[in-house]
Amino acid sequence: MDKYEKVIELAKRRGFLWNSFELYGGAAGFYDYGPLGSTLKRRIEHIWRELYVIHEGLMEIETPTIGIEEVFVASGHVGGFSDPLCECKKCGEAFRADHLVDDIVEVADALSNTELDALIRNNDIKCPECGGDLGDAYEFNLMFRTAIGPGSGRAGYMRPETAQGMFVNFQRLLKFYRDKLPFGATQIGKSYRNEISPRQGVIRLREFTQAEAEIFIDPRDKTHPNFERFAGTVLNLYSEHGQEHGTTLQVTIGDAVKQGIIAHEFLAYHIALTNHFLRRVGISPDHLRFRQHKKNEMAHYAIDCWDAEIKTDRFGWIEVVGIADRTDFDLNAHAKTSKTELSVYIEYDEPEMVTSFVVKPEMGKLGPAFKGKAKDVADALKAMTREELEQDGITVVVDGEEFIVSPGLVKFTEETVKVSGETVVPHVIEPSFGIDRILYCTMEHAFNEEMVAVHEGRDGKESKDPKEESRIVFKLQSEVAPVQVAVLPLMTKSELIGPANKIVALVRDKGLLVSYDDSGTIGRRYRRNDEIGTPYSITIDYESLDDRSVTIRDRDSMDQVRTPIEGIEDLIYELVYGGREFKTAGTPV
RNA sequence: GCGGCUGUAGUUUAGUGGUAUGACAUUGGCUUCCCAAGCCAAUUACUCGGGUUCGAAUCCCGGCAGCCGCACCA
C-alpha cells in the first residue's frame with residue numbers, strides 16, 4: 001500500500017472523500033466531499049479568501065457555472081478545447097489527426113475532420129505504430145455541452161474555468177473600482193472538463209473547484225507597490241533554464257526579478273503569495289517548487305507562466321496552481337467578439353499637445369447626396385490621407401461600388417488638440433488554484449504513521465516489538481483541521497458526562513467545531529481523533545470534579561497539560577487560531 | 001477511447017459450483033479506564049446486469065469502478 005492508497009483509504013473511511021454515485025456503481029472523475037472533507041475544504045478556501053479578498057482587496061464575485069456559447073467562442077474554448085483524434089483500426093492506437101498531417105499542410109490544426117480524413121486517405125497515411133489503416137477523425141471536446149431553455153434551446157457550456165466570468169464583467173468591475181488600475185476580482189467555484197480518462201482520484205476530476213483571481217494591471221507598469229513584503233522570501237524555482245539542466249534554484253523573489261528569471265515584480269509577488277498560502281494550509285516547503293512554463297508549452301497569449309508544483313508520493317510533482325501573465329489576450333478576444341471596447345482611460349500626469357490630421361465629412365450634404373450609403377462613404381473618407389483628399393474628384397469605393405465625392409462635401413485639417421490621457425487594454429495577472437488538488441496534498445503531507453511507545457500496565461497485546469505500536473496521525477495545521485477540539489469524559493459516567501456537555505457548549509459558543517465522544521476507552525478515542533487530525537482533546541476526569549480542571553492533550557506530541565475549565569473556550573481558540581504555544585496552556589501532566 | 005490485471009462487511013481477508021471464514025473497526029453493556037487494554041453481546045459483505053446450471057461469490061458475456069501501460073491534458 002503506497003501513501004496515496006493509505007491517504008485515500010483513510011479519507012474514505014473517515015468521511016473526507018467518497019466516490020460519487022457509489023450506490024449506482026460510481027462514475028469516474030467525480031468525488032463527494034464527506035462531512036470532514038467539506039469542512040477541510042471550506043477552511044482552506046477561508047484562508048484563501050482571507051489572503052486574496054481581505055488582504056489583497058480582490059473582491060469575490062459569483063457568476064454562472066453555465067456559460068452561453070459566445071463567451072467560449074471568444075475565449076477560444078469552443079474552437080480550441082477539442083482535439084481531433086483518429087484511431088488505428090488494427091492496433092487501436094489513438095493519434096492526434098492534425099499531427100499526422102502536420103508535414104503536409106501549413107495549418108493542420110485549422111482543418112475540419114472531413115478535410116483531415118481526405119488528407120489522410122489521399123496521402124496514404126498509415127498508423128505510425130503498426131502501419132495499419134486509420135479510422136475516421138473524431139472530436140474530443142473537453143467541454144460539457146448543454147441546452148439552455150426548452151426544445152433544442154440555445155447552446156450552453158459548463159464553464160471550463162471560472163476566469164471567463166470575470167473577464168466578461170470587466171466593465172462592471174472597472175466601474176466598481178472607480179476606473180482605476182490595478183484592480184481585480186476573485187471567484188471560488190466549480191469548473192467542468194469532460195476529461196477523457198480521469199484516473200488519479202481527486203487529482204483529475206471532471207467537476208472541480210477553482211479559486212481564481214484576475215488582476216487587471218497597467219501593461220506599462222508591472223511593478224508591485226507591496227513587493228518589499230516578499231522580496232526576501234526564498235523559493236525553489238525550477239526555471240526554464242533550470243529544467244534544461246535539471247536544477248532547482250533557491251533564490252529570493254527579489255533576486256529572481258533582478259536576474260530576469262521571473263518576468264516582473266507583479267508576477268513575482270503573486271508567486272510568493274501563492275507560496276505563503278500553500279505553506280499556511282500545511283504544504284511542506286521541501287515538497288514545493290515553482291516551475292516555469294517552457295516557451296513551447298506556454299499558451300500563445302502568455303508572456304510568463306509559473307506553476308506551483310507539489311511533490312506527491314505516487315504522482316510525483318503535480319501542478320496545483322498556475323500563475324500567468326495572460327497579457328491583454330482575453331480582454332481583446334471579448335472586445336472583438338462582443339464589439340465592445342474593453343479598456344481603461346488613463347490620465348497623463350501632464351496633458352500632451354498632439355497634432356493630427358482630421359477628416360470631417362459634411363454629413364448634412366453627404367446625406368442627401370448618398371442616402372443610405374452616406375455613412376459608409378463618410379467612414380471611407382475618414383480613412384483617407386491628405387494627398388487622396390486633395391484631389392479634385394475623390395473616388396470612394398463602398399461595397400464594390402464607386403462614388404465620386406466632390407471637394408465641398410468633406411473638410412480636413414491639421415488639428416492640435418490637448419490630450420490628457422489615453423485608453424489602454426489592461427494586462428491580466430491570473431493566479432489559478434486547483435482547490436481539490438491542494439486539499440489532497442495537505443492530506444498527504446499531514447498523513448503520518450509513526451511508532452509510539454506502548455504504556456506499561458497493559459496486558460495481552462502481542463506485537464513484534466512489545467514496546468512500540470504504530471499510530472496514524474493526521475498532522476493538519478490546526479487552522480484547517482475540520483474538528484478543532486474533542487471533548488472526552490474519561491469514562492461513560494453521568495458525573496463526568498454532565499461537566500463534559502457544559503464544556504462542549506462553551507467551546508461551541510466560541511464558534512469552534514467540537515466533537516463529543518464517550519464511546520470506547522480513552523486511548524481509542526485519542527487515536528480516533530489523531531486519525532482525523534483533531535489538534536486538541538479535552539478530557540474530564542474525577543479530578544475535574546474536585547478542582548474544576550481538565551487536561552488538554554496535544555495531538556502531535558501527545559503531551560498533556562492541566563488547566564482550569566474557566567476560560568477554556570478562549571484558550572482553545574487561541575491555540576487553534578492565535579498561534580499560542582501548547583506548553584503555555586497549563587501545567588504539564 | 002484501447003490493452004492487461006483486479007473487484008467478498010467501514011477496512012482487510014478466507015473461500016474457485018451447494019449463500020460465506022477470521023481480524024480490526026463500529027454500536028450497546030460491565031469495569032475510578034489517560035493513549036487502539038479486558039470481558040459480554042450486537043450490526044454489517046459476495047461491484048452491477050444478463051447467460052449456463054437443479055443450484056453461481058465461484059464458469060461465460062457485458063456494464064461500472066480501481067490499478068498499470070498507451071493516447072489525451074486548451
Side-chain angles (χ1 to χ4, degrees), chain A residues 1-2 4-6 8-10 12-15 18-30 72 75-96 99 109 128-129 135 138 140-143 160-161 163 193-201 203-204 297-302 314 319 322 452-463 469-473 488-493 495-496 518-531 537-543 545 550-555 557-560 562 589:
Chain A
M1 225 192 202
D2 67 6
Y4 171 82
E5 254 176 290
K6 287 178 181 173
I8 291 295
E9 191 263 299
L10 174 65
K12 274 188 187 158
R13 197 156 41 81
R14 289 302 192 187
W18 296 324
N19 278 108
S20 295
F21 318 118
E22 236 175 358
L23 184 62
Y24 292 104
F30 297 97
F72 300 116
S75 69
H77 287 101
V78 165
F81 205 49
S82 65
D83 295 315
L85 288 191
C86 79
E87 281 179 33
C88 172
K89 289 175 182 167
K90 196 172 147 198
C91 68
E93 205 84 354
F95 305 94
R96 280 280 292 274
H99 290 178
D109 52 355
E129 285 295 312
Y138 58 100
F140 264 132
N141 195 312
L142 297 192
M143 290 224 284
E161 58 177 14
R193 298 177 190 188
N194 201 2
E195 297 288 352
I196 297 166
S197 174
R199 274 194 301 195
Q200 300 162 338
I203 304 300
R204 179 175 230 100
E297 74 175 296
M298 195 150 41
H300 57 283
Y301 49 78
R314 177 183 281 192
E319 172 198 342
V452 293
V454 171
H455 287 239
E456 285 180 29
R458 262 171 54 180
D459 40 54
K461 181 95 176 174
E462 282 194 33
S463 72
E469 64 186 13
S470 77
R471 76 160 179 157
I472 290 174
V473 53
L488 317 170
L490 189 62
M491 290 179 66
T492 322
K493 292 283 183 185
E495 62 268 32
L496 297 178
D518 64 11
S519 158
T521 63
I522 191 67
R524 176 178 308 230
R525 284 177 275 160
Y526 285 147
R527 292 300 161 82
R528 264 204 286 257
N529 277 292
D530 287 343
E531 240 185 25
S537 299
I538 298 172
T539 307
I540 296 88
D541 55 18
Y542 282 92
E543 217 177 312
L545 303 180
V550 289
T551 62
I552 303 176
R553 170 188 180 267
D554 175 53
R555 174 196 67 201
S557 63
M558 295 166 59
D559 290 341
Q560 284 180 293
R562 186 164 280 275
V589 176

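We name chains A, B, ... by the order of the sequence lines, and we start the count at 1 in each one. Bear in mind the structure is a predicted one, so any value in this text is a computation, not a measurement.
Here the separation of B:U26 from B:A36, taken at their P atoms, is 13 Å to the nearest Å. Look at the P atom in both B:A57 and B:U19: the space between them is 10 Å, to the nearest Å. B:U43 and B:G51 have their P atoms separated by 34 Å, with the value rounded to a whole Å. A distance of about 13 Å separates the C1' atoms of B:U58 and B:U53, rounded to the whole Å. As rounded to the nearest Å, B:G69 and B:U8 have P atoms that lie 22 Å from one another. Comparing the C1' positions of B:A45 and B:G10 gives an interatomic distance of 11 Å, to the nearest angstrom. Of the C1' atoms belonging to B:C61 and B:G22, the separation is 34 Å, rounded to the nearest Å. If you take atom C1' in B:A9 and the same atom in B:A42, they sit 14 Å apart, rounded to whole Å.
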**OP:** Decide yes or no on side chain to side chain contact (heavy atoms under 4.5 Å, CB included) for A:L142 and A:H77, but give the supporting numbers first.
**Re:** CA-CA 9 Å; A:L142 297 192; A:H77 287 101; over 6 Å; no
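Comparing atom distances between the A:A28 side chain and each of B:G10, B:A65, B:C34 picks out B:A65 as nearest. Residue A:A27 has its side chain nearest to B:A65 when only B:U32, B:A36, B:A65 are considered. Among B:C67, B:U32, B:U27, the nucleotide with an atom closest to any side-chain atom of A:S519 is B:U27. In this structure, of B:A36, B:U26, B:C34, it is B:A36 that holds the atom nearest to the side chain of A:R527. Side-chain atoms of A:M558 lie closest to B:C35 of the nucleotides B:C35, B:C34, B:C68. Checking B:C34, B:C35, B:U32 against every side-chain atom of A:T551, the shortest atom distance belongs to B:C34. Comparing atom distances between the A:R528 side chain and each of B:C35, B:U26, B:G10 picks out B:U26 as nearest.
Protein atom CZ of A:R204 is 12 Å distant from nucleotide atom C1' of B:A71, rounded to whole Å. Distance A:E5 CD to B:C68 P: 9 Å, rounded to the nearest Å. Atom CD1 of A:I203 is separated from atom P of B:C67 by 11 Å (rounded to the nearest Å). Atom CE in A:M491 sits roughly 13 Å away from atom C1' in B:G38 (whole-Å rounding). For the pair A:Q560 CD and B:C34 P, the computed distance is 10 Å after rounding to whole Å. Between the C1' atom of B:U32 and the CD atom of A:E495 lies a distance of 9 Å, rounded to the nearest Å. Atom CD of A:E531 is separated from atom C1' of B:A25 by 9 Å (rounded to the nearest Å). One atom, OH of A:Y24, and another, P of B:C48, lie 14 Å apart when rounded to the nearest Å.
Interface remark: the A:R525 side chain does not form any donor-acceptor pair with the B:C35 base, using a distance-only criterion of under 3.5 Å. Within 3.5 Å, no donor on the side chain of A:E195 pairs with an acceptor on the base of B:C73, nor the reverse. The base of B:C34 sits within donor-acceptor range of the side chain of A:Y526, with an N or O pair under 3.5 Å.
Counting any heavy atom pair closer than 4.0 Å across all strands shown, A:D541 reaches a base atom. Using a 4.0 Å heavy-atom distance criterion, A:E22 is classed as making no nucleic acid contact. Among the atoms of the strands shown, only primed sugar atoms or phosphate atoms (P, OP1, OP2) are found under 4.0 Å from some heavy atom of A:K493. Nucleic acid contact class of A:R555 (heavy atoms, under 4.0 Å, all strands): none. Residue contacts shown for A:Q200 are absent, as no nucleic acid heavy atom lies under 4.0 Å away.
Base orientation at B:U11 is anti, since its O4'-C1' glycosidic dihedral falls outside 90° of 0. A syn orientation is assigned to B:U16, its glycosidic angle lying within 90° of 0.
Residues that satisfy the side chain to side chain contact (heavy atoms under 4.5 Å, CB included) test with A:D518, not counting sequence neighbours, are A:P489, A:T492, A:I497, A:Y516, A:R525.
Between A:Q200 and A:Y4, the closest heavy-atom pair is C-OH, 3.7 Å. Contact record, A:R562 with A:V589: N-CG2, 3.8 Å, taken as the closest heavy-atom pair.
The residue from A:T521, A:I472, A:V452 that alone fulfils the side-chain contact (heavy atoms from CB on, under 4.5 Å) condition with A:R527 is A:V452. Paired with A:R553 under the rule side-chain hydrogen bond (donor to acceptor under 3.5 Å, both in side chains), one option of A:D530, A:T539, A:N529 passes, and it is A:D530.
Taking only side-chain nitrogens and oxygens, A:R562 never comes nearer than 4.0 Å to OP1 or OP2 of B:C34. The shortest distance between the side-chain N/O atoms of A:T539 and the OP1/OP2 oxygens of B:C34 is not below 4.0 Å. For A:R524, a side-chain nitrogen or oxygen approaches OP1 or OP2 of B:A25 to under 4.0 Å.
Within the 4.5 Å cutoff, side-chain heavy atoms of A:R555 are placed close to those of A:V473. Between A:E531 and A:L10, some side-chain heavy-atom pair lies under the 4.5 Å cut-off.
Map A:N19 and A:I472 each onto its nearest nucleotide of RNA chain B; the residue landing nearer the 5' end is A:I472.
B:C30 is paired with B:G38 under the Watson-Crick or G-U wobble criterion, all donor-acceptor distances under 3.5 Å.
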